[in-house]
Every structure is written in C-alpha cells, then in structure tokens.
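Worksheet: the structure to be examined is printed underneath.
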Amino acid sequence: MPRGLDAAGGLAALRGLLERPLASYYLLLSSAGLLLLIGLTMVFSATSVRDYAENGNASTSLVKQAIFAVIGIVAFWACQRLPATTYRALGRPLLFTAIGLLLVLNLLLAYARLTGQDSARIGPVEARLLWLFVGGIQVQPSEFAKFALVLWGAHVIARKGAALGWWRELATPLFPVVGLLFVLVGYNDLGTMLCLLALVVGLLWAAGVRMRVFAALSAVGLLGIGLLVAVASLGAGSGETGAENYRLARLTAFIDPPPLDVCKDAGCYQIAQARYAIENGGWFGVGLGKSIAKWQWLPAAENDFIFAVVAEELGVVGCVVVVALFAVLAYTGLRIARRVEDPFRRLAAAAATTWLVGQAVINIGGVVGLLPLTGVPLPFISDGGSALVVTLAAIGMLASFARAEPDAARALHARPPARWVRLLWAPLPPLPGRRRRPAAPPAARGSVPRSRERREDDQAAPRGVRVARTRRGSADERRR
C-alpha cells in the first residue's frame, strides 16, 4: 500500500512539474544540453586514438567540434530571440540560398565525374561528394536545406489555411519545391533525403492533411526512393559507373542478412563490426574511452556509427539514456506544437521535431539493424560542424516558440526577468492575443425580418411620432 501511494505521489509530482508554465522550455534546454554534452564526450572518445596516432594531439577533433558547438550555441541564442514574423520572412531567402548551394554542389560534382576527378574546383569553391569548401570553410548544403524547408513550408501552409484541403493548393508551390530538393539532395545523399521526407510528413500531419494525400505521397515517395537506389549504378552518391550498386547491396543485406563471418569480406562489414561492438559492451559497457572498435575496426566510428561506440563503452544503460533524451526531445517538441496558438509556430515546431527525432531513429535503427543503413549522422552526438550548428539553431527556434506558449508568455509578463537578463538572453514574448468575437449588430440595422417589421410599424405610426425620429433613424430609413 505505501508503494502504491508513493507511485501515485510521484506521478502527481511529475504532473505538477509538467503543468508549470515554462516546463516545455526547460525540458527542451535540458534534453538538448545533455545530448550536446554526451556528443562532445563521445567524439573525443571515438577520435582521440586516431588523432594521437596521426598528429600526436588526441584532442584535435574535440577542439574542432567544440568550436562548432560554440558557434551553434550562438546560433541557438540568436534564434531563441527571434519572433515568428522574422522566421516567416527568413524562410524564402534561406530556401533559395540552400537550393543555390545544392545546384553549385551538384554541377561541380557532375563536372568532376565527367573529367574523372574526385573533386572539382572553381575559384575558391571546391565540391567533394556532400560538402562545399569555400575558402577553407566546409559547408554541407543539405543541412541548411532542412532548416530552410521547415521555415518556408510552415509559412506556405499556414498562409493557405482552410484552402489546404484542395489538392491543387498542395501541388503549388509546395510539392514542386519539395520534389526539387529531394532530387538535389537524394542523388548524392539518400539518407538526408529520408530526413527531409520525415520533415515533410510531420509538416503535413500537423496541418491536418487527409490520409488519402499521405497514401498518394507514400506511393510517389517509394517510387522516388527506388529510382534513387537504381541511379547508384550510374555513379550517384559514392557509387561508380559499372560497379556494384552499394545502395541496393545495403537494402538486400537488411532484407536477407548474411552470416557475420561472411560479412567480414562482403558489403556488410560495417554492420558486422557494429554488432561486435554492441555485443562487447553488454549491459554496462567496457568503460568510457576503452572501445576496441574505434581502433580502425569500425569505419565512420565518430560519425554515422558513433552509437555503436556508445553501446560498447557505456553499454545498454548508456544507450537507454541517449534514447530517453531523444524521447524527451520528441515529447517536448510535440508539446510545444500542441500548445502554441500561431499556426506557423505549430507547423514549424512539428516539422523540426519530426526532422530531428526522425533522423535519430534512422541512424540508431541502421546501427542496431532495425533499419537499412543510410549513412546519416546522429543529431548532437556525431562529429560534424554544419549538422551541429543547424541542429542547435533549430533548438533555438523551438525555445523561442516554447516561451511563446500562452501560459509561459503570461507567466513571463507577470514576473518579468531583470532588464539585463532580457537584453543578454531573450526578450519577453508577445502576450497571447484574445480571440475577437463578432460584435453584435446595431439595433437599427437588424436582420431583414426585423427591418421589415420596423418599416411596417413606421407606416402604421402617427405622423407626430414620425417627425420626432432621430437623425440616425431617418438615415437608417433612407438606407432601407
């Protein structure tokens, strides 16, 4: 009996904490902050041995990732200060910039393939597979395309409003732009295209699109994914013309996995090494920094397969902590989308949440063998500058929306922080607007039957009463 009371009391306390006005904001900051801290720790653990062997400095990759983390925190700070109107205005310029960068990347890669080179350069711009190098700065355009699609797509759908029920309203301009992004991104990076697909699904789901639209989009999406898998034989992505289709090999290895001893020499080598790392970790792991797989056994151990290093060093307990933090992030993002009143904020919050959590599901599912391998990084955890900066900027946008929840905005205005806090951290959000109710019609204008009754009464009234009418009454009579 006391145990039941304790459980009930704990649930009541948790419910009370979640009912606080700024609960979404603090849940978002805590989950994202812990994931960022875990990510920096695991990047150092996965790269320290290699960095020390190559240049004698074990913290080279950590310093680089920490610099991008600082830039991302600045982006988070800037984004949490912006109102919804600024995000709506930024959507189109960011989208055009992302499409322009993707076009430059794909054109340079096409030129490199025609000339038989691994990369192509025009002036200070160099293209290599998924990255653009501009004056020594590495940029991944597909990461900016995710954030740009969130802002622009939410603005377009929020502007359409009730007209979204018509198919032609979805067909222009949303679907053509989404299709263009899918082609520009998916030709070289099928995994990122799947993340964009999850983003679009979350956007349309939050908008309340009918299920038959989702069915049609699913059919078109499966057809597009099949075509992108097929073009790997023509040199798409990291494939080579005439060589084995690596995308098809990953899919067949997932559907019909060969034995692990065969995978040592076949195309499923990464899967086998990831399984060995997970098995070696057990429940509690071998200890932080003591992974064996990172000693050049597991390819991309610091990036796409960093979750295998987490499993080996921290065990099942560490994996559960990472998955639980992503679950909290998913709950918080959808909670924000449900509580805000502005349609744009609701759509953008749902799209950003499905993007980040969907990407985490794709990465973790591929590492543990529940999904085919696609080669996407794990948000917050994997090594990568562009992805980390854009991810923290999206968290900043969600933080801005969390402060704009009606209860949160009223609480902040009721007890505003100090002026220096508002200047250095974030300004006060706007108070939620009251819904305007239609004003009652003036008595003189009335409905048509009442007007007729009044006219009949006027005709039946004595002449003296007619002379005593007010100026407003005579004007109403002239209008009638």
Inset, instruction - Begin with the C-alpha distance, continue with both residues' side-chain angles, and end with the deciding distance and a verdict on side-chain contact (heavy atoms from CB on, under 4.5 Å) for Ile225 and Met193. - result: CA-CA 9 Å; Ile225 292 173; Met193 196 219 72; 3.8 Å; yes
Inset, instruction - Decide side-chain contact (heavy atoms from CB on, under 4.5 Å) for Glu19 and Asp407; before the verdict, give the C-alpha distance in whole Å, the side-chain angles of both, and the deciding distance to 0.1 Å. - result: CA-CA 10 Å; Glu19 290 299 326; Asp407 293 341; over 6 Å; no
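- For the pair Arg422 (side chain) and Pro417 (backbone), a donor-acceptor distance under 3.5 Å is present.
- Pairs passing the ring-ring contact (aromatic ring centres under 6.0 Å, His included) check and including a residue from residues 130-153, sequence neighbours excluded, do not occur.
- A heavy-atom distance below 4.5 Å is found between the side chains of Leu329 and Ser31.
- Atom OG of Ser142 sits about 9.5 Å away from atom CG of Asn188, to the nearest 0.5 Å.
- In this structure, the side chains of Leu388 and Ile71 stay at 4.5 Å or more apart for every pair of heavy atoms.
- Judged by distance alone, the side chain of Arg81 and the main-chain N or O of Leu423 form a donor-acceptor pair under 3.5 Å.
- Counted within 6.0 Å of CZ on Arg410, heavy atoms from surrounding residues, nucleotides or ligands total more than 12; the atom is thus considered enclosed.
- Atoms CD1 and CZ, on Ile278 and Phe305 in that order, are 9.0 Å from each other to the nearest 0.5 Å.
- No more than 12 heavy atoms of other residues, nucleotides or ligands lie within 6.0 Å of CH2 in Trp205, so this atom counts as exposed by the packing criterion.
- Between Glu313 and Met42 there is a side-chain heavy-atom pair separated by less than 4.5 Å.
- Nearest heavy-atom pair across Arg335 and Glu405 is O-OE2, 4.3 Å.
- Residues Phe76 and Leu29 have side chains in contact (heavy-atom distance under 4.5 Å, counting atoms from C-beta outward).
- Residues Thr47 and Thr60 form no side-chain contact, since every pair of their non-hydrogen atoms from C-beta on lies 4.5 Å or further apart.
- Taken from CG in Leu94 to CD1 in Ile99, the straight-line distance is 11.5 Å, to the nearest 0.5 Å.
- Two residues are said to be in side-chain contact when any heavy atoms from C-beta on lie closer than 4.5 Å; Leu108 and Ile122 meet this criterion.
- Environment of OH in Tyr331: crowded, with over 12 heavy atoms of neighbouring residues, nucleotides or ligands closer than 6.0 Å.
- Separation of atoms CG (Leu90) and CG (Leu95) is listed at 12.0 Å; rounding is to 0.5 Å.
- A donor-acceptor contact closer than 3.5 angstrom is absent between the side chains of Glu302 and Ser61.
- Summarising the geometry of Ala409 relative to Leu431, their closest heavy-atom pair is O-CD2, 4.0 Å, with the distance given to 0.1 Å.
- You'll find the side chain of Leu62 stays beyond 4.5 Å of the side chain of Asp51, heavy atoms only.
- In this structure, the side chain of Gln65 does not engage the main chain of Asp383 through any donor-acceptor pair within 3.5 Å.
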Table please: side-chain donor-acceptor pairs of residues 360-380 below 3.5 Å, with sequence neighbours left out.
{"unit_1": "Asn363", "atom_1": "ND2", "unit_2": "Asp304", "atom_2": "O", "d": "2.9"}
{"unit_1": "Asn363", "atom_1": "ND2", "unit_2": "Val376", "atom_2": "O", "d": "2.6"}

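- Annotation: side chain to side chain contact (heavy atoms under 4.5 Å, CB included) contacts of Pro430 (sequence neighbours excluded): Arg345.
- Scanning all heavy atoms of the two residues, the minimum distance from Phe68 to Gly385 falls at CG-CA, 3.4 Å.
- The nearest pair of heavy atoms linking Val357 to Ala330 is CG2-CB, 3.6 Å.
- Side-chain contact check for Thr391 versus Gln359: every heavy-atom pair is 4.5 Å or farther apart.
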Inset, instruction - Start with the C-alpha gap between Leu184 and Leu105, add the side-chain angles, then the distance that decides, and say whether side-chain contact (heavy atoms from CB on, under 4.5 Å) holds. - result: CA-CA 9 Å; Leu184 293 176; Leu105 174 64; over 6 Å; no
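- The distance from atom CG of Leu82 to atom CH2 of Trp77, rounded to the nearest 0.5 Å, is 9.5 Å.
- Counting only distance, with no hydrogens or angles, the side chain of Tyr87 and the backbone of His155 share no donor-acceptor pair below 3.5 Å.
- Between the side chain of Lys294 and the backbone N or O of Ser45, at least one donor-acceptor pair lies under 3.5 Å.
- Smallest separation of non-hydrogen atoms from Ser386 and Gln140: OG-N, 3.2 Å.
- For the residue pair Val150 and Ala348, the shortest heavy atom distance occurs at CG1-O, 3.7 Å.
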Legend entry - Steps toward side-chain contact (heavy atoms from CB on, under 4.5 Å) verdict (Ile38, Leu325): CA-CA 11 Å; Ile38 293 173; Leu325 288 175; 3.8 Å; yes
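- With Arg403 as reference, Leu412 is the one residue of Ile336, Leu412, Leu398 to meet the side-chain contact (heavy atoms from CB on, under 4.5 Å) rule.
- With rounding to the nearest 0.5 Å, the separation of CG in Leu102 from CG in Leu130 is 10.5 Å.
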